Amino acid sequence: QVQVVESGGGVAQPGGSLRLSCAASGSIFSTYVMGWYRQAPGKQRELVASITRGDIVNYADSVKGRFSISRDNAKNTVYLQMNSLKPEDTAVYYCNARGLTGLGSWGQGTQVTVSS
């Protein structure tokens with residue numbers, strides 16, 4: 001099974017920035033798509049952004065223009081640069097890595113809190 005580890009969460013002020021990292025242990029066949037999801041208390045987990053090995057990206061409408069996803073294929077690592085943070089961005093952020101199909105593997109999550 002693919003091992004996924006997130007890092008970079010923390011506390012930021014509104015309008016501030018954070019950069020999340022996700023390292024996966026799988027091959028190109030198990031890390032074709034890597035993505036970030038988030039889950040706020042009492043709410044369903046939702047897709048934030050995803051990226052394929054060929055750098056095709058997808059963003060939730062709520063983060064377009066503020067967040068940027070990128071990856072280093074040689075390191076099987078994906079990054080999420082979060083700018084202009086809002087209090088509603090507060091959530092546990094999870095990384096997922098999968099192949100062309102399938103559910104993939106999840107990381108343990110990293111807390112992001114946006115507050116004054």
Side-chain angles (χ1 to χ4, degrees):
Q1 188 173 343
V2 176
Q3 188 174 15
V4 180
V5 180
E6 305 102 328
S7 62
V11 180
Q13 295 180 341
S17 298
L18 287 172
R19 188 173 189 251
L20 306 183
S21 298
C22 171
S25 63
S27 70
I28 60 173
F29 301 106
S30 57
T31 57
Y32 179 73
V33 183
M34 298 184 71
W36 288 97
Y37 295 71
R38 67 186 181 188
Q39 187 167 21
K43 294 189 175 182
Q44 193 172 355
R45 188 174 299 185
E46 63 177 356
L47 175 69
V48 177
S50 65
I51 184 168
T52 70
R53 188 172 176 85
D55 290 335
I56 299 172
V57 300
N58 185 38
Y59 295 98
D61 288 340
S62 59
V63 306
K64 287 181 179 177
R66 300 189 298 119
F67 292 8
S68 180
I69 190 170
S70 62
R71 66 184 292 166
D72 184 333
N73 291 330
K75 298 179 180 179
N76 276 345
T77 300
V78 66
Y79 307 93
L80 185 68
Q81 179 67 46
M82 304 185 294
N83 299 323
S84 302
L85 284 164
K86 303 176 180 179
E88 49 263 46
D89 294 320
T90 297
V92 178
Y93 283 69
Y94 297 91
C95 181
N96 178 272
R98 67 169 177 86
L100 206 56
T101 61
L103 294 176
S105 300
W106 293 96
Q108 79 287 349
T110 185
Q111 177 70 46
V112 171
T113 301
V114 184
S115 175
S116 299

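Quick caveat: nothing in here was measured; it's all calculated off a predicted structure.
Side-chain contact check for Pro87 versus Ser115: every heavy-atom pair is 4.5 Å or farther apart. Ser7 has its side chain out of reach of Thr110: every pair of non-hydrogen atoms, C-beta onward, lies at least 4.5 Å apart.
Across Val33 and Gly99, no two heavy atoms sit closer than the pair CG2-O, 4.2 Å. In this structure, Leu100 and Tyr32 approach most closely via the heavy-atom pair CD1-CE2, 3.1 Å. Minimum heavy-atom separation, Ala24 to Val2: CB-CG1, 4.1 Å. Scanning all heavy atoms of the two residues, the minimum distance from Gln81 to Ser17 falls at NE2-CB, 4.0 Å. For Leu18 against Gly10, the heavy-atom pair with the smallest separation is CD1-O, 3.9 Å. Taking all atoms of both residues into account, the shortest heavy-atom contact from Cys95 to Glu6 is N-OE2, 2.7 Å.
The environment of CD in Gln3 is sparse: at most 12 heavy-atom neighbours from other residues, nucleotides or ligands sit within 6.0 Å. Remark: Glu88 CD is packed, more than 12 non-hydrogen atoms of other residues, nucleotides or ligands lying under 6.0 Å away. Under a cut-off of 6.0 angstrom, the local environment of CD in Gln111 is crowded, with over 12 non-hydrogen atoms contributed by other residues, nucleotides or ligands.
For the atom pair CD1 (Ile69) and CD1 (Ile51), the distance works out to 5.5 Å, reported to the nearest 0.5 Å.
Tyr59 and Val78 fall within the same hydrophobic cluster, where Ile, Leu, Val, Met, Phe, Trp and Tyr residues are linked whenever their side-chain heavy atoms come under 4.5 Å apart, directly or through other members. Following chains of ILVMFWY side-chain contacts shorter than 4.5 Å, one can reach Val48 starting from Leu20, so the two form part of one hydrophobic cluster. Both Leu47 and Val92 belong to a single network of hydrophobic side chains, linked directly or stepwise wherever heavy atoms of I, L, V, M, F, W or Y lie under 4.5 Å apart. Taking hydrophobic clusters as Ile, Leu, Val, Met, Phe, Trp and Tyr residues chained together by side-chain heavy-atom distances below 4.5 Å, Val57 shares a cluster with Met82. Residues Leu85 and Val11 do not share a hydrophobic cluster, defined by chaining ILVMFWY side chains whose heavy atoms lie under 4.5 Å apart.
Using cut-offs of 30° and 60° for the angle between ring planes, the Phe67 and Tyr93 rings count as tilted.
Judged by distance alone, the side chain of Asn58 and the main-chain N or O of Ser50 form no donor-acceptor pair under 3.5 Å. Side chain of Ser84 to backbone of Arg66: no donor-acceptor contact under 3.5 angstrom is found.
Defined by atom type and a distance below 3.5 Å, a donor-acceptor pair is missing between the side-chain atoms of Arg98 and Asn96. A donor atom on one side chain and an acceptor atom on the other are not found under 3.5 Å apart for Thr77 and Asp72.
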For this session: Check the pair Val4, Gln108 against side-chain contact (heavy atoms from CB on, under 4.5 Å), reporting the backbone distance first and the verdict last.
Result: CA-CA 8 Å; Val4 180; Gln108 79 287 349; over 6 Å; no
Problem set entry | From CA spacing to verdict: salt bridge (Lys or Arg N to Asp or Glu O under 4.0 Å), Asp89, Lys86 | CA-CA 5 Å; Asp89 294 320; Lys86 303 176 180 179; over 6 Å; no
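Taking the ring centre of Tyr94 as origin, the terminal cationic atom of Arg38 falls outside the region bounded by 6.0 Å and 45° from the ring axis.
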